[in-house]
Amino acid sequence: MDSKTYTAGLAELRTVRDEIKPLEKQLAKIEAELYKLRRVRDERIRELGAYEKAKADRLATSAGLSVIDIVALAPALGPQQPAGGPADPPVTGSATNDHQEPQGPAEAIKERPGAPAPDLRTPAPVEQPAEPTAAAETARPAQDQEPPDSPELAGKTPSVSADVAHSPAAAAAVAAEQGDERVLPSIPEGAAGDRWFRAERDLASKRPTFRQADRQTVFLDAATGVLVGRGGSVRLDLGRAGVADILTAVYATVPAEVERIYITGGDPWHRDAERHQWKKDAVAAWLNGPLPEGWQVESSRGKDRMAGHLIHPNNPVGRWQYGPDRHTEIRSVGEWFDTDGADPGVVREAFLLLWHALRKHWADVVLMGSPSQTGRDLWSRTIPAKAGAKWADGYPVLSQEIRGLLHATAGQGRTELLIPPRVPERVPGFYEVDRTFAYAKHTWTSGVGVPKRMTAGAFAALSDKEKANALFSPSHWQVRVTIPRDWNHVGILPAPAPGERAWHYPYEGGRTFTTWAGGAEVNLALRNPLQPWRIEILDGLLWEKGEPLKAWSNNLKEAWQALRAQAHLAGDDRQRRAAFLASRGVRSIHLYGIGGFAQRPRITTGSLELGANGETPEIPDGAQLTGISDTHVTWQRNSGFARDPYAHPELAAGVWSGARAALLSTRVDVPDPATGLPAKDPDGRKITAQVGALHMEPGSVLGFRTDAIYSSKPANWPYCGQPGDYLLKGALDWEQNTPTNEEEFFVLQGLGRQALESEDR
């Protein structure tokens, strides 16, 4: 091929591209219309199915569906079913039993006198750290906001009158939900509560003096049988890809020193999912399937508390051993990233790139089985160790009572779907903006050490400056909240909803409720860009400011940026995909590493083989039977809070609170059009813009999912590619039915991403 032919080929390729783009957009519109018609059809089936003489087979013929599909939409037309079925148990992990004293129950929230929080919009000499705290980052006043003493803000103080606080609307809203909502715990009054504020004896996070052991790893696509390791690539015959098939085929090819098998595709644990009511039952049956001769479920590995299987519906972990010293585990690479169809060779290259990127910051880095384990190990290697340095003796682990309180009152990501009549039944579009590497934006300053208790009386006794300093510090508050009567936007503070660890966000004007919230969110409620909420402090935890996450987070951020740049510059498609997957691996280390600090109550899982004649064996005391197959039973037991030296729910809670607040209002850099880098004014200061849901038009926000906002109108916010920036991920720029449930939401989410991708090609 000569240069002329190549140039002509490029021109032809561009012509094909231009022909494809409108067709893809047209296809997206057709799929949206198809989705709407299917929604009408399903609703009609439900209506007709309610007729007492309706027949599933006649409806199936008329609708062009199977009888099974009709019964799924109108269950009354199917065979008689029991009134209820087993609930899908929560995602669990494996552990050994930790012998410890049981945690005493926390007191339920009581109505107690509160201390009004000050108006934080008034300029005050607040002590600020060199870098913004999570609270300050999301609560700094807008550059374009009216000054506090302007006529437009006159009268918009955080206080409300008694008739608003006790309005019929507020009372009705509270009464409607009071019987169903969870009751959050509170700290006991007096000395009983004061005893909670202590560190666990002889338990602190310290820098390790050892290096983690490397485990030889191979990568297997269970669908194609392709196995990739140090020795190259080979295709295996996996039969039905049961545990015995995989272990036999793999270890006939690789040395016995291989201890980890990552499944990159094929999900063999779902092969017989249609035979089970719940995914976890299918996974448990696969993990407990027949084993090759000499193999058994791993029972222990020295002091490793992760022996045994982890029964997770999508990313399970199976652990086995051959004899006393030979161990192996089968894991899903989905714990690290979505491979998006990448072959095992690309996935292995991604792990190598990830290791090289991290090694620039941690000379002793070892990629452990999961990103959570890896994140915690890397964090532990940033703990001060120099004699005389602050926290050189380690970061103390808080009392079991305080950890339990944070577990019950500090939620994670905001997940909310706003449906009619809160929003219109039809909207002009559907847009998704997602924060890039969001948590890295909220790790500059965190709470360290044992917190100080801040009761309502103690808070009331502070000066205005001291109150402001407290609300800008790492903190967690029990508050009584009153929403302004004329509030017309989304809720700001979380409140308990029915269901374990479920939260909702009250928004009704005039409503009063009591809850717990992080300092970042309380600060935002007082200083939001629209109208301050009334906040009364009932109790609180106030930490010393520190930087326990800063070095760890900065290292990960630099590795992430380097891998993203490598993916952008790579000339080869396989290298580009590997670098991109590696950057996603860094994100998972950061995301799940922070989640690992939360240290939920430990759930022990296990399985036992059925006895003779199918008799159920005796399960451990306090365990709950969760599944039964032809050969095994599975069980789980809540073992409470372990004596984990790396349990720091205060760190996770602070980051989560800051991230939730930033969904509503935060600042981002404005890019320079010439360079794409953050722009600066003539004085050398970065030019910023305020973004977040509260800066959108009321009624245009359709939902939140962790770090993403979904809206009916485009946001058009600046994007520099920095952590915390909002990136447009999906866009449907034509009229849609507003999604009213998760199924409809995910359909529009997928169509929006597909439509935007076709536009970008």
Side-chain angles (χ1 to χ4, degrees), residues 93 204-215 217 259-260 262 303-306 315 317 329 331 333 335-337 350-386 389 391-397 437-448 546-564 566 579 581-599 644-652 654-656 659 723:
S205 303
K206 299 181 179 180
R207 182 182 292 221
T209 57
F210 62 91
R211 185 180 184 274
Q212 294 288 351
D214 284 307
R215 297 189 182 181
T217 302
E259 297 183 76
R260 183 175 296 137
Y262 273 123
K303 296 182 179 180
D304 187 354
R305 295 186 299 173
M306 296 303 291
N315 297 315
V317 181
E329 61 182 12
R331 311 185 71 110
V333 83
E335 294 180 86
W336 291 85
F337 43 70
F351 273 83
L352 291 174
L353 292 176
L354 174 60
W355 181 80
H356 281 292
L358 295 175
R359 194 167 183 268
K360 294 178 181 178
H361 305 282
W362 288 278
D364 52 355
V365 60
V366 171
L367 296 182
M368 302 178 71
S370 72
S372 176
Q373 293 172 310
T374 305
R376 189 177 74 170
D377 181 67
L378 295 179
W379 175 76
S380 71
R381 297 174 193 278
T382 65
I383 297 174
K386 187 177 180 180
W391 309 111
D393 293 331
Y395 295 117
V397 174
F437 204 16
Y439 285 179
K441 185 76 171 180
H442 306 285
T443 51
W444 289 107
T445 302
S446 305
V448 288
E547 299 177 346
L549 297 175
K550 186 176 179 180
W552 172 77
S553 185
N554 282 349
N555 288 347
L556 290 176
K557 182 173 67 174
E558 290 178 15
W560 171 78
Q561 290 172 327
L563 288 166
R564 278 167 58 95
Q566 188 172 348
L581 293 179
S583 73
R584 301 297 290 174
V586 175
R587 176 187 176 275
S588 294
I589 290 173
H590 197 275
L591 178 70
Y592 296 118
I594 288 173
F597 289 125
Q599 200 247 351
D644 185 347
Y646 299 104
H648 291 286
E650 70 277 12
L651 299 182
V655 172
W656 293 340

K557 atom NZ, neighbour heavy-atom count above 12 within 6.0 Å: yes
From CG (L556) to CD1 (I589), nearest 0.5 Å: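 Between atom CG of L556 and atom CD1 of I589 there are 6.5 Å.
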Rounded distance (nearest 0.5 Å) linking atom CD1 of I383 with atom CH2 of W391: 12.0 Å
Residues which pass ring pair (Phe, Tyr, Trp, His ring centres under 6.0 Å) with F351, listed by chain and number, not counting sequence neighbours: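 Checked F351 against ring pair (Phe, Tyr, Trp, His ring centres under 6.0 Å); matches are F219, Y262, W336, F337.
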Counterpart residues, ring pair (Phe, Tyr, Trp, His ring centres under 6.0 Å), relative to F597 (two or more places apart): W379
State whether the side chain of [X] and the backbone N or O of [Y] hold a donor-acceptor pair below 3.5 Å, judged by distance alone.
{"X": "W355", "Y": "V365", "answer": "yes"}
{"X": "S205", "Y": "P645", "answer": "yes"}
{"X": "S583", "Y": "W560", "answer": "no"}
{"X": "T217", "Y": "R215", "answer": "yes"}

Considering non-hydrogen atoms only, spot the tightest contact between [X] and [Y] and give its length.
{"X": "D393", "Y": "A204", "answer": "O-CB, 4.1 Å"}
{"X": "G369", "Y": "Q373", "answer": "N-OE1, 3.5 Å"}
{"X": "P396", "Y": "H648", "answer": "O-CE1, 3.2 Å"}
{"X": "P384", "Y": "A389", "answer": "CB-CB, 4.4 Å"}
{"X": "I594", "Y": "A652", "answer": "O-CB, 3.4 Å"}
{"X": "W552", "Y": "G375", "answer": "NE1-O, 3.1 Å"}

Qualifying residues under side-chain hydrogen bond (donor to acceptor under 3.5 Å, both in side chains), relative to [X], sequence neighbours excluded:
{"X": "R211", "value": "D214"}
{"X": "S380", "value": "none"}
{"X": "R331", "value": "E329, E335"}
{"X": "Y395", "value": "none"}

State which residues pass side chain to side chain contact (heavy atoms under 4.5 Å, CB included) with [X]; sequence neighbours excluded, sorted by chain then number.
{"X": "Q566", "value": "L353, L563, A579"}
{"X": "S553", "value": "A440, T443, H590"}
{"X": "R587", "value": "F437, R584, L591"}
{"X": "R381", "value": "P208, F210, Q212, W362, D364, D377"}

Full working for side-chain contact (heavy atoms from CB on, under 4.5 Å) between V655 and L651: CA-CA 7 Å; V655 172; L651 299 182; 5.9 Å; no
